[in-house]
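Hydrogens, waters and symmetry mates play no part in the numbers below; they use all other heavy atoms, side chains included.
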Amino acid sequence: MRFVLASNNKGKLIEMKAILSEQGVEVISQREAGLNLEVEENGETFADNAYIKAKAASEVLGLPAISDDSGLCVEALGGAPGVHTARYGGEGLSDEDRYLLLLKNMENAEDRRAKFVSAVVCVMPNGDVISGYGECHGEILYAPKGNGGFGYDPIFGLPEMGGKSMSEITAEEKNAVSHRGKAIEKFREELMKYYSEI
Ligand code: IMP
């Protein structure tokens, strides 16, 4: 069965396609399916927002739709930016503007602990919901480094990878340790259970 990826975020689409294809799940982006959907992400949790996006795409296309809602939670900022990560600092900013703002807001913070969070939700045409959740723990660096990945990757340090930033590791390494990689793995397990039960 074909699944639609309900996202317009290029970085996410590349990662989700790679991980899901490796796991034998055939996916196309909503744009490839002829849909240009921007829904308001007004949920209170990552899972709520992922559900809102997947449900909208599935309803319009009549296909199973998978969505990831993700973000960065920083200890010294009380868990912010959290579900507001994509819009941190307001409209019209680049990824770089946003992570530089975060670094500025962390200037005097000694506690650098942070985590990336991902909720992956799939809505079936009959309304059934299958989901997965993943976290990746690390720390906010003092300056950006690396060229890979997207979003806040250049300022997210990974103690488990010798202190490299998420931008300095390969795509394969990132998928193996990332919040999204873990959430999709969990989702795939749930999907297998779902198919074995129907
Ligand atoms: P949303 O899920 O569309 O609300 O967007 C989540 C935002 O979190 C993205 O726009 C990125 O800025 C950030 N983000 C999510 N996952 C990652 C990641 O793997 N690396 C860097 N930034 C990420």
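With respect to the salt-bridge test (charged N to carboxylate O, under 4.0 angstrom), the residues E91 and R87 do not qualify. The pair K193-E189 does not meet the salt-bridge criterion, since no charged nitrogen lies less than 4.0 angstrom from a carboxylate oxygen.
In the hydrophobic clustering of this structure, Y133 does not group with Y194; members are Ile, Leu, Val, Met, Phe, Trp, Tyr whose side-chain heavy atoms approach within less than 4.5 Å, directly or through other members. When hydrophobic clusters are built by joining Ile, Leu, Val, Met, Phe, Trp and Tyr residues whose side-chain heavy atoms come closer than 4.5 Å, directly or via intermediates, I169 is not grouped with I19. Hydrophobic cluster membership differs between V123 and Y195, with clusters built from Ile, Leu, Val, Met, Phe, Trp and Tyr side chains linked at under 4.5 angstrom. Cluster annotation: V177 is not connected to I184 through the hydrophobic network of ILVMFWY side chains, with a link wherever side-chain heavy atoms come within less than 4.5 Å. Side-chain heavy atoms closer than 4.5 Å link hydrophobic residues (I, L, V, M, F, W, Y) into clusters, and following such links, possibly through other members, connects I52 to L61.
Here the closest heavy-atom approach between residue S58 and residue L63 is recorded as OG-O, 2.9 Å. Between S165 and L141, the shortest heavy-atom contact is CB-CD1, 3.7 Å. Among all heavy-atom pairs drawn from A6 and A57, the shortest one is CB-CB, 3.7 Å. For V121 against Y51, the heavy-atom pair with the smallest separation is CG1-CA, 3.9 Å. Of all heavy-atom pairs between A56 and V39, the closest is CB-CG1, 3.6 Å. Nearest heavy-atom pair, G138 versus P159, reported as atom, atom and distance to 0.1 Å: CA-CD, 3.9 Å.
For T85, the side chain to side chain contact (heavy atoms under 4.5 Å, CB included) criterion is met by L72, P81, Y152, not counting sequence neighbours. In this structure E139 satisfies the salt bridge (charged side-chain N to carboxylate O under 4.0 Å, His left out) test with no other residue, sequence neighbours excluded. The ring pair (Phe, Tyr, Trp, His ring centres under 6.0 Å) search around F116 returns F156, H179, not counting sequence neighbours. Judged as a side chain to side chain contact (heavy atoms under 4.5 Å, CB included), and not counting sequence neighbours, the contacts of K115 are C73, V117, E135, H137. Applying the side chain to side chain contact (heavy atoms under 4.5 Å, CB included) rule to I28 yields the partners R2, V4, E32, A33; only residues at least two apart in sequence or on another chain are considered. In this view, R98 satisfies the salt bridge (charged side-chain N to carboxylate O under 4.0 Å, His left out) rule with no residue, not counting sequence neighbours. For Y88, the side-chain hydrogen bond (donor to acceptor under 3.5 Å, both in side chains) criterion is met by N105, not counting sequence neighbours. Applying the salt bridge (charged side-chain N to carboxylate O under 4.0 Å, His left out) rule to E96 yields no partners; only residues at least two apart in sequence or on another chain are considered. In this view, E173 satisfies the salt bridge (charged side-chain N to carboxylate O under 4.0 Å, His left out) rule with no residue, not counting sequence neighbours. Residues passing the side-chain hydrogen bond (donor to acceptor under 3.5 Å, both in side chains) test with D111 are R113, sequence neighbours excluded. Residues forming a side chain to side chain contact (heavy atoms under 4.5 Å, CB included) with V83 (at least two apart in sequence, or on another chain): F46, N49.
Contact annotation: the side chain of F3 approaches that of V25 to within less than 4.5 Å [non-hydrogen atoms, C-beta and beyond]. Put simply, the side chain of F150 does not reach to within 4.5 Å of the side chain of M166, judged on heavy atoms. Taking 4.5 Å as the limit, some side-chain heavy atom of M106 sits within range of a side-chain heavy atom of L77. With a 4.5 Å cut-off on side-chain heavy atoms, L158 and C136 count as touching. A heavy-atom distance below 4.5 Å is found between the side chains of P125 and P64.
Considering CG of L102 and NZ of K104, their distance stands at 12.0 Å, rounded to 0.5 Å. To the nearest 0.5 angstrom, R31 atom CZ is 8.5 Å from L13 atom CG. Atom-to-atom distance recorded for L100:CG and S94:OG is 7.5 Å, nearest 0.5 angstrom. Rounding to the nearest 0.5 Å gives a distance of 7.0 Å between OG of S7 and CD of Q30. Atom NZ of K17 sits about 13.5 Å away from atom CD of E15, to the nearest 0.5 Å. Note that CG of N9 is 9.0 Å distant from CD1 of I14, once rounded to the nearest 0.5 Å.
Here the side chain of D48 pairs no donor or acceptor atom with the backbone of N42 at under 3.5 angstrom.
For the side-chain hydrogen bond (donor to acceptor under 3.5 Å, both in side chains) condition, the pairs that include at least one residue of residues 61-81, sequence neighbours left out, are K12-D68, K53-D69, D68-S70, D68-S118, D68-R180, S70-R180.
Within 6.0 Å of CD on E44 lie no more than 12 heavy atoms contributed by other residues, nucleotides or ligands. Within a 6.0 Å sphere centred on CD of E40, heavy atoms belonging to other residues, nucleotides or ligands number 12 at most.
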